[in-house]
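These notes are about the structure you will find just below.
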Amino acid sequence: MIVKNSSFVKSCIKSSDLPESDLLEIAFAGRSNVGKSSLINALLNRKNLARSGSRQGMTRLINYYNVNNEIHFVDLPGYGYAKVSKSEMDLWGKVIENYLSVRPHLYLVMLLVDVRHEPSEADRMLMNWIKAAELNYIVVATKCDKISRSQVNDACKLIKKTLEMPDDKKVFPVSAESKRGIPELWEEIDSFIVEDGENDS
Ligand SMILES: Nc1nc2c(ncn2[C@@H]2O[C@H](COP(=O)(O)OP(=O)(O)O)[C@@H](O)[C@H]2O)c(=O)[nH]1
Ligand SMILES: [Mg+2]
């Protein structure tokens, strides 16, 4: 997809805030600080449309962005790394599970993991939800500029194994910093959009 325009739509706290719209949704999920907002900016070729970095910990808002008036990018709340308190996980789980189950137009979930870390228990839990709900998904390894190319290859293999991904699924290495992997990731996203169109006709 060639991004012609993109804009912020709204921030939602509860499901009744979610916009009523027929646009397809691509959701970005992963732990806090993994690079969700930065990846959205990189895919949209914008510097600071999705606000990145500033706030630590869990962002409870679900942020909507409009792409070409065709798609909604949905920036989901992040969860903690390593140690996640049970109450944090429960609250986050409620928000995400609710979102994943009520959105009729959700057709693709981007699951982001930091290329430098083995996926956490929360990452695996999310992967399991996505699989159980039979949602389309793409696993993205972020911040690939931080380590060498051979390390990136090894890390992607480990991520694939830890998340128990099927053989025909690939982990997409990207860097929002250097823009490495962004065109390839768009190609993969587009392949889902095309498939969807074919199914409808
Ligand atoms: N070096 C590098 N830093 C990144 C990359 N993506 C995000 N970051 C940094 O990681 C931090 C968290 O990014 P952000 O997009 O806010 O993560 P979010 O909490 O998942 O939305 C920020 O300081 C970003 O500048 C990347 O590809 N390379
Ligand atoms: Mg963010």
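Just the heavy atoms: all of them, side chains too, but no hydrogens, waters or symmetry mates, feed the values below. Positions are given from 1 along the sequence. No experiment lies behind these values; they were computed from the predicted model shown. Each ligand, and each atom within it, is numbered from 1 in the order the structure gives.
Those atoms of ligand 1 that come under 4.0 Å of a heavy atom in N33, given as number and element, are 12 (C), 17 (O), 18 (P), 19 (O), 20 (O). Close approach of ligand 1 to A176 is summarised as follows: ligand atoms under 4.0 Å from at least one heavy atom of the residue are 6 (N), 26 (C), 27 (O). The atoms of ligand 1 that sit less than 4.0 Å from any heavy atom of S38 are 6 (N), 7 (C), 13 (O), 14 (P), 15 (O), 24 (C).
For the Mg ion (ligand 2), the set of nearby N, O or S atoms under 2.8 Å includes none belonging to S32.
By the 3.5 Å distance cut-off applied to N or O atoms, G35 is counted among the residues near ligand 1. Taking distance alone, with nitrogen or oxygen atoms compared against 3.5 Å, D75 stays at or beyond that limit from ligand 1. Looking at V34 next to ligand 1, an N or O pair under 3.5 Å apart turns up.
Applying the salt bridge (charged side-chain N to carboxylate O under 4.0 Å, His left out) test to residues at least two apart or on different chains, none of the pairs has a partner in residues 35-45.
Not close to ligand 1: T142, with no non-hydrogen atom less than 4.0 angstrom away. Heavy atoms of G30 stay at 4.0 angstrom or farther from ligand 1.
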Full working for side chain to side chain contact (heavy atoms under 4.5 Å, CB included) between R46 and I40:
CA-CA 8 Å; R46 297 281 298 259; I40 289 175; over 6 Å; no

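Every side chain to side chain contact (heavy atoms under 4.5 Å, CB included) that N5 has, sequence neighbours left out, goes to N68, N69.
Contact check for K10 versus P19: side-chain heavy atoms found under the 4.5 Å cut-off.
Between the side chains of N63 and S11, a donor-acceptor pair is found at a separation under 3.5 Å.
By the 6.0 Å and 45° rule, K170 stacks over the aromatic ring of F172.
The proximity of R51 to ligand 1, defined as any non-hydrogen pair under 4.0 Å, does not occur for either the backbone or the side chain.
Taking the six-membered ring where the residue is Trp, the centroids of F28 and F73 are separated by under 6.0 Å.
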